[in-house]
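Structure, as structure tokens:
For clarity, every value in this text was computed on a predicted model and none was experimentally measured. A, B, ... follow the sequence lines: proteins, then strands. Residue 1 opens every chain. Side-chain atoms are counted along with the backbone in the values below, which use heavy atoms only and exclude waters and symmetry mates.
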Protein chains: 2
Amino acid sequence: MLSRSPTGPARSGRPRSAEADAAILEATRASLVDLGWSKLTMGDVATRAGVAKTTLYRRWAGKNELVVDAVAVLFDELELPDLGSLAADVEAVVLQFAALLERPETKTALMAVVAESTRDEALRDRIRDSIVNRQKRLVLQGRERAQERGELPAEPDEVVAARTADLIFDVIAGAVVHRALVSAEPVDADWAQRFTLLLLSGLGAAASQAD
Amino acid sequence: MLSRSPTGPARSGRPRSAEADAAILEATRASLVDLGWSKLTMGDVATRAGVAKTTLYRRWAGKNELVVDAVAVLFDELELPDLGSLAADVEAVVLQFAALLERPETKTALMAVVAESTRDEALRDRIRDSIVNRQKRLVLQGRERAQERGELPAEPDEVVAARTADLIFDVIAGAVVHRALVSAEPVDADWAQRFTLLLLSGLGAAASQAD
DNA sequence: CTCCTTACGCTACGACCCGTAGCGTAACTG
DNA sequence: CAGTTACGCTACGGGTCGTAGCGTAAGGAG
């Protein structure tokens, strides 16, 4: 499922239990909900999953990697529904992302693993590969649709296009995360609408809106 | 200095050592640089500061509160220089904030304490009071200047004005943090310029820029 | 100067978690 | 069948936590 044994050449010996993998990741999410990141322990996860602690260490280097894998799958549930306009699409994905960050598993885990990753390059790569970069698809898809609708001009230069997509991604994801976890205020429909107006039309338009 | 004994009514007994306070906070920052958030221990900070471990616990409930106080002062160094235009002001503060996040103390501590705060309301309030809300002054100051220059219209409704300021704050701070710590890519002059264009003029303008 | 009060340094402690070694058993391959 | 790898279990040294207890230091009140 991960980078571990990419279609291994059918090694001999007893194979690893796929059920154990699923049980461990599920137990990890449950432990995140009950205990939060800082009080989650490998022993507790092992007990919940019904496996030995040593089994965890045979598959994951430690708590950081385990939690990344446990929450990564949740982010793949994000979708970009086609609502007919770029503004509507952006608002929808913002609210989806906010709902995801409201879940106690992701709320407590996301910032923690990112904090850990500032001192662990391998962990940083793992997060990028299994969480962050996967969601850039949403930006690319949204732009593509907007261009088809004529809401955005075509960008011939691929390098510029990719750079802009990264910028958009950091702005959207960063703003929602900051609102939800740092400012700790609700990301509701009103906020999503005002944010989208700012993103699409800029500060001048956002500052002069009436209602 | 903090919420502890707000101009205490001159209690009797031996007063707390102000030197110890400064030494502990300095030692905490040094330990963050050397060990990072996760490997920082109360015992190590106490040793570096030349005080007993019990002294730390008499003043701070634990690692979370200690680190918040240790890094909070660093954020007060941010300033908004008047460079003559809103765009230039925004770019400058973005680069300043990015430079602050490049420091190993803040880089490893900021996300970690925010992650902890998702399960600790008192800690969340502490972060808001001593770090986050203090920096909103930059947004208010920037808008005031822009309005004086005629770059932004006046906003008569205070509620709307405050709401917009919060939005701007989340967008700027969130985008920079996400770029620097999650995407882990450099916040350089080029990025700051492109981000500012997006913020001021919106996606349409940012997507159709040539160079 | 003498009480009273609070802060400090130091030691020691139980509790918890870490990550691993060792061993016998289970599962799958050739 | 033998060979190989995974699993469960126990046990362990090492580290950190947060606190209790004690003697001492530094202020204020009389």
Expected list for residues 83-92 of chain A: side-chain donor-acceptor pairs under 3.5 angstrom, two or more places apart:
residue: A/Ser85; atom: OG; partner: A/Ala88; partner atom: N; Å: 3.1
residue: A/Asp89; atom: OD1; partner: A/Leu83; partner atom: N; Å: 2.9
residue: A/Asp89; atom: OD2; partner: A/Arg149; partner atom: NH2; Å: 3.0

Table please: side-chain donor-acceptor pairs of residues 174-181 of chain A below 3.5 Å, with sequence neighbours left out.
residue: A/His178; atom: ND1; partner: B/Asp170; partner atom: OD1; Å: 2.7
residue: A/Arg179; atom: NE; partner: A/Pro186; partner atom: O; Å: 3.0
residue: A/Arg179; atom: NH1; partner: A/Glu185; partner atom: OE1; Å: 3.3
residue: A/Arg179; atom: NH2; partner: A/Pro186; partner atom: O; Å: 3.1

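A/Asp120 and A/Glu65 get closest at one heavy-atom pair: OD2-OE2, 4.2 Å.
The local environment of CD in A/Glu77 is crowded, with over 12 non-hydrogen atoms from other residues, nucleotides or ligands closer than 6.0 Å.
Taking CZ of B/Arg103 as the reference point, atom CG of B/Leu100 lies at 6.5 Å (rounded to 0.5 Å). Within the model, atoms CD1 of B/Ile24 and CE of B/Met42 stand 8.5 Å from one another, a figure rounded to the nearest 0.5 Å. The distance from atom CZ of A/Arg128 to atom CG of A/Leu123, rounded to the nearest 0.5 Å, is 12.5 Å.
Distances from the side chain of B/Tyr57 to the nucleotides D/dG18, C/dT11, C/dA27 place D/dG18 closest. Closest to the B/Pro15 side chain, of the nucleotides D/dA25, D/dG27, C/dA27, is D/dG27. The side chain of B/Ser12 approaches C/dT5 more closely than any other nucleotide in the set C/dA26, C/dT11, C/dT5.
Contacts between residues 35-53 of chain B and DNA chain C, counted as heavy-atom distances below 4.0 Å, involve B/Gly50, B/Val51, B/Ala52.
Whole-Å rounding puts the A/Leu56 CG to C/dC17 P distance at 15 Å. Residue B/Ile24 contributes atom CD1, which lies 12 Å from atom C1' of C/dG9 at whole-angstrom precision. Atom CZ in B/Arg58 sits about 12 Å away from atom P in C/dC10, given to the nearest Å. Rounded to a whole Å, the CH2 atom of A/Trp60 is 18 Å from the C1' atom of C/dT20. For the pair B/Arg16 CZ and C/dG9 P, the interatomic distance rounds to 12 Å; values are reported in whole Å. Straight-line distance from the CG atom of B/Asp21 to the P atom of C/dA7: 12 Å, rounded to whole Å. Put simply, CZ on A/Arg14 is 6 Å from P on C/dA27, counting in whole angstrom units.
For the OP1/OP2 pair of D/dA26 and a distance below 4.0 Å, the side-chain nitrogens and oxygens of B/Ser17 include no atom meeting the criterion. B/Thr55 has a side-chain polar atom (N or O) that falls below the 4.0 Å cut-off from OP1 or OP2 of C/dG9.
Across the interface with DNA chain D, nearest-nucleotide mapping of B/Lys63 and B/Gly13 shows B/Lys63 to be the residue nearer the 5′ end.
Across all strands, A/Thr54 comes closer than 4.0 Å to base atoms (heavy-atom distances).
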